[in-house]
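One structure below.
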Protein chains: 2
Amino acid sequence: MLFLIENEGMGSLTEENYIKSVYSLSQATGEVIVSELAKKLQVKPPTVNSMMKKLALKKWVVYAPYKGIKVTDKGKKEALSIIRRHRLAELFLVNVMKLGWEEVHDIAEQLEHVESNRFYDRIDEMLGYPKFDPHGEPIPDANGKILNDKRIALNQAKENATVKIVAVADDKKSFLDHLNDKGLKIGEKVLIKRKEAYDGSVVLINKAKVELMITHQVAERILVEE
Amino acid sequence: MLFLIENEGMGSLTEENYIKSVYSLSQATGEVIVSELAKKLQVKPPTVNSMMKKLALKKWVVYAPYKGIKVTDKGKKEALSIIRRHRLAELFLVNVMKLGWEEVHDIAEQLEHVESNRFYDRIDEMLGYPKFDPHGEPIPDANGKILNDKRIALNQAKENATVKIVAVADDKKSFLDHLNDKGLKIGEKVLIKRKEAYDGSVVLINKAKVELMITHQVAERILVEE
DNA sequence: TTAAAATGTTAGACGTATCTAACAAATTAA
DNA sequence: TTAATTTGTTAGATACGTCTAACATTTTAA
Ligand SMILES: [Mn+2]
Ligand SMILES: [Mn+2]
Ligand SMILES: [Mn+2]
Ligand SMILES: [Mn+2]
């Protein structure tokens, strides 16, 4: 006797990682293509292809051959739930466990898959129902509601504007180590002194009136307001 | 070109769970048999058989057909490292996150597989390098050294003796819920009033001079000293 | 000391997640 | 608008962890 189990709502660790990436990468244009996912997830395109077929069966994505991949409402809910757990974990690691913002992402990648509402509810409670993670990213609430901000990348701010750093668009250690070196952090206000046309680098003046230069690569990963 | 990677020291989540069980179940007699492992891990005997072949190749166990399974020093080190993480996680969940001792085991089963020394070192530090988990089990130190105690099961204590509950030999929720109901906890002193010859049940007198009866099944899972 | 029962192993299968090789479609450039 | 390039799919293979069915060994009971 064989029972085909639907396994509604639940996803394997792998499926969770895929839907999270599908959601994030499709944010900008409403969809994501196979090769982008393959690159992000460090797998080959055929692997993405077969996983998308599976997620389409689960109704987490809409997927037609040779067409872009779109997240469904159901898939979005899944993704936001994992993103919520990831960001709560990161903030917990920084605020409660006193780890550095540059070292928490990799641990949160593992903690986000812990299955226990009690665990996450307590973290949420201990942190006082926080709205942002250590990198300035908004934390979706338990219903999947997430703040939709009007932040811009630092390299898109106007010259002579004073802007506040509110988030980073990358939480990999190498990048955050670099920001730590430059002394840049969330909440800091900086004046955009000059944007080089040639290479896209940006010259800033920080709180301490010290001038510092950052490359385009770095500037586009720093999100600012005002 | 094919590279056979040795993957020294590292184990998959599944392998970690097997070696932990091999270690625990072989504690009493120095070895464990296939059917015991199958029962504990909720898999069928052939599954255990093939996993033991794999662990034998990794030199974590010694395994000859139809003979009991023995842990090697290398396997013991692996097992103790996972047990350490499990128990540190449990204590963290109780002492820092204020969860109940009856609900932390299942979460710790997941947390013990988180790969991050930073994470566990911080937990250890925050807890003040603790020696026991919430169920009274000794926590191996970073070198795998573990306290070897002379605790006995409550049903093996003598009548009229006053003993201190120092640990429980089972940390499943159903059992701990039962202890919570009876008001029994670690550190509590009880007087053994009577041990029934017929069914092995034990009558105790607690701190508040109240008499209470526990079954053999419960008594053999409570560890006492003195 | 044999027969029955319990325990363990082998063979072959399956689902998941991955890959490479070969082919197909869509996009871009000539 | 054809050809080249990029992108995506299919087919078939592999490792892992699991299963069932069949067979083998060891232990226990007659
Ligand atoms: Mn992160
Ligand atoms: Mn983050
Ligand atoms: Mn436990
Ligand atoms: Mn415990």
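Residue numbers start from 1 in every chain, and the chains themselves are labelled A, B, ... in the order their sequence lines are given, proteins ahead of strands. Just so you know, these numbers come straight off a predicted model, no measurement behind them.
Atom CG in A/Leu57 sits about 11 Å away from atom P in C/dT16, given to the nearest Å. Nucleotide C/dT16 holds its P atom 16 Å from the CD atom of A/Glu16, rounded to whole Å. Spacing between atom CG of A/Leu41 and atom C1' of C/dT18 amounts to 13 Å, rounded to whole angstrom units. One interatomic measurement links the two molecules: CD of A/Glu31 to C1' of D/dT7, which rounds to 14 Å at whole-angstrom precision. Between the CG atom of B/Asn17 and the P atom of D/dC16 there is a distance of 17 Å, given to the nearest Å. What separates CE of A/Met51 from C1' of C/dC19 is a distance of 14 Å, to the nearest Å. In this structure, A/Ile33 atom CD1 and C/dT27 atom P are separated by 10 Å, rounded to whole Å. In this structure, the CD1 atom of A/Ile69 is 14 Å from the P atom of D/dT7, given to the nearest Å.
Taking 4.0 angstrom as the limit, B/Lys44 places none of its side-chain polar atoms (N or O) nearer than this to OP1 or OP2 of D/dG17. Using a 4.0 Å cut-off, some side-chain N or O of B/Ser35 falls inside it from OP1 or OP2 of C/dG8. Phosphate proximity of D/dC19 to B/Thr47: present, with a side-chain N or O under 4.0 Å from OP1 or OP2. Regarding contacts with the backbone of D/dT6, every side-chain N or O of A/Tyr66 stays at 4.0 angstrom or more from both OP1 and OP2. In this structure, B/Asn49 reaches the C/dT9 phosphate: one of its side-chain N or O atoms is under 4.0 Å from OP1 or OP2. The side chain of A/Tyr18 contributes an N or O atom lying less than 4.0 Å from OP1 or OP2 of C/dT18.
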- Tell me, with the steps shown, if A/His113 and A/Asn17 meet side-chain hydrogen bond (donor to acceptor under 3.5 Å, both in side chains). CA-CA 9 Å; A/His113 303 291; A/Asn17 284 333; 3.0 Å; yes
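Listed for the B/Glu225 side chain is no donor-acceptor partner under 3.5 Å among the backbone atoms of B/Lys150.
Using a 4.0 Å cut-off between a side-chain N of Lys or Arg and a carboxylate O of Asp or Glu, A/Asp177 and A/Lys173 qualify as a salt bridge.
Picking from C/dT9, C/dC19, D/dG17 the nucleotide with the shortest atom distance to the side chain of A/Val43 gives C/dC19. Nearest to the side chain of A/Val34, among D/dG8, D/dT10, C/dT10, sits D/dG8.
Between A/His135 and A/Trp101, the ring planes are parallel. Angles under 30° get that label, and only those over 60° would be called perpendicular.
In this structure, B/Thr47 and B/Tyr18 have side chains that are in contact, with non-hydrogen atoms separated by less than 4.5 Å. A heavy-atom distance below 4.5 Å is not found between the side chains of B/Leu111 and B/Arg85.
Comparing A/Leu13 and B/Tyr63, the nucleotide of DNA chain C nearest to each residue sits closer to the 5' end for B/Tyr63. Two residues, A/Pro65 and A/Thr14, neighbour DNA chain C, and the one matched to the more 5' nucleotide by heavy-atom proximity is A/Thr14.
The residue A/Pro46 sits close to a base: some heavy atom pair falls under 4.0 Å. In this structure, B/Lys67 reaches neither bases nor backbone, as no heavy-atom distance under 4.0 Å exists between it and the strands shown. If you check every strand for non-hydrogen atoms under 4.0 Å, B/Ser50 touches a base.
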